[in-house]
Amino acid sequence: RALMHYGLAELSKLPYVTVYGDTAADNRYGVISFNIREVHPHDTATILDSEGVAVRAGHHCAQPLMEYLRIGSCCRASFCIYNTMEDVDRLVDGIRKVRRCMGFGNE
């Protein structure tokens, strides 16, 4: 739960990140689905991978949900007992790098 609280708090500081689902960390269980404005999720996943951050990108076998959300796909970060706060920091730093790599600077 601490990772979920921390992860949601850190991602909420990035105005170009959309987090899907309940905003209350206590109502989540180890997964944060998100998109970066103007960046395709597969590009996000590829750039994050180059930073050693693993996320899944796609429709996650949830096409009706994607249609409801009016998105084609999204990224999903999963946390488990072996993850740390530093892993969340690497995700957030990686997301900032995605924006820079895609030509959006240091927004």
Side-chain angles (χ1 to χ4, degrees):
R1 268 185 211 247
L3 284 175
M4 191 59 57
H5 280 272
Y6 184 63
L8 289 171
E10 291 302 301
L11 290 175
S12 73
K13 295 176 184 176
L14 304 175
Y16 44 82
V17 172
T18 300
V19 174
Y20 302 101
D22 199 321
T23 57
D26 289 337
N27 294 335
R28 291 176 166 265
Y29 296 95
V31 175
I32 299 176
S33 296
F34 67 95
N35 272 328
I36 301 173
R37 185 177 63 236
E38 299 181 54
V39 180
H40 194 281
H42 291 124
D43 292 329
T44 297
T46 300
I47 295 167
L48 288 175
D49 181 59
S50 75
E51 295 297 303
V53 177
V55 298
R56 182 168 179 232
H59 55 71
H60 314 291
C61 298
Q63 292 93 329
L65 176 61
M66 298 291 129
E67 189 174 309
Y68 174 79
L69 294 172
R70 297 178 189 228
I71 59 175
S73 58
C74 66
C75 290
R76 184 178 72 198
S78 301
F79 301 101
C80 195
I81 59 171
Y82 49 77
N83 290 112
T84 65
M85 300 294 186
E86 290 78 20
D87 293 328
V88 174
D89 292 338
R90 288 185 71 189
L91 171 65
V92 171
D93 290 343
I95 289 171
R96 289 185 179 112
K97 181 176 182 177
V98 169
R99 291 292 288 182
R100 287 191 307 274
C101 285
M102 298 304 288
F104 296 104
N106 291 321
E107 297 178 59

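What you are looking at is a predicted structure, and each value in this text was computed from that prediction instead of being measured. Here, residue 1 is the first one in the sequence, and each next residue gets the next number. Atoms considered below: every heavy atom in the structure, side chains included; atoms not considered: hydrogens, waters and symmetry mates.
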I'd like to know whether Leu14 forms a side chain to side chain contact (heavy atoms under 4.5 Å, CB included) with Ile36, so could you lay out the CA-CA distance, the side-chain angles of the two residues, the decisive distance to 0.1 Å, and finally the verdict.
CA-CA 9 Å; Leu14 304 175; Ile36 301 173; over 6 Å; no
Applying side chain to side chain contact (heavy atoms under 4.5 Å, CB included), run through Met4 and Asp26 and close with a yes or a no.
CA-CA 8 Å; Met4 191 59 57; Asp26 289 337; over 6 Å; no
Kindly indicate, with the supporting measurements, whether the criterion side chain to side chain contact (heavy atoms under 4.5 Å, CB included) is fulfilled by Leu3 and Met85.
CA-CA 6 Å; Leu3 284 175; Met85 300 294 186; 3.8 Å; yes
Test side chain to side chain contact (heavy atoms under 4.5 Å, CB included) applied to Arg37 and Thr18, step by step:
CA-CA 7 Å; Arg37 185 177 63 236; Thr18 300; 5.9 Å; no
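Salt-bridge formation is not detected for the pair Asp93/Arg90: no Lys NZ or Arg NE/NH1/NH2 atom is positioned less than 4.0 Å from an Asp or Glu carboxylate oxygen. Using a 4.0 Å cut-off between a side-chain N of Lys or Arg and a carboxylate O of Asp or Glu, Arg28 and Asp22 do not qualify as a salt bridge.
For the pair Arg99 and Phe104, the cation sits on the ring face: its NZ or CZ lies under 6.0 Å from the ring centre, inside 45° of the axis.
For the pair Arg56 and Ser78, the minimum side-chain heavy-atom distance is 4.5 Å or more. Annotation: side chain of Leu48 is in contact with side chain of Leu91 (closest heavy-atom distance under 4.5 Å). Side chains of Arg76 and Pro41 form no contact here, defined as non-hydrogen atoms less than 4.5 Å apart.
In terms of heavy-atom proximity, Leu11 sits nearest to Val92 at CD2-CG2, 4.1 Å. Minimum heavy-atom separation, Tyr20 to Cys74: CE1-CB, 4.1 Å. Contact between Asn35 and Ser73 at its shortest, heavy atoms only, is ND2-O, 3.0 Å. Heavy atoms only, all atoms of each residue included: Ile32 and Gly7 are closest at CD1-C, 4.1 Å.
The hydrophobic clustering, which links ILVMFWY residues whose side-chain heavy atoms are closer than 4.5 Å, places Tyr6 and Phe79 together. In this structure, Val98 is not a member of the same hydrophobic cluster as Ile71, with clusters built from ILVMFWY side-chain heavy atoms closer than 4.5 Å. Transitive grouping of hydrophobic side chains (ILVMFWY, heavy atoms separated by less than 4.5 Å) keeps Val31 and Val17 in distinct clusters.
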Listing, residues 62-69 side-chain donor-acceptor contacts under 3.5 Å, not counting sequence neighbours, or none:
unit_1: Gln63; atom_1: NE2; unit_2: His59; atom_2: ND1; d: 3.4

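A distance of 7.0 Å separates NE2 in His60 from SG in Cys75, rounded to the nearest 0.5 Å. Taken from CZ in Arg1 to CG in Asn27, the straight-line distance is 8.0 Å, to the nearest 0.5 Å. With rounding to the nearest 0.5 Å, the separation of CG in Asp89 from CD in Glu10 is 6.5 Å. Separating the CG atom in Asp87 from the OG1 atom in Thr84 is a distance of 3.5 Å, to the nearest 0.5 Å. Lys97 NZ to Ile95 CD1: the interatomic distance, rounded to the nearest 0.5 Å, is 13.5 Å.
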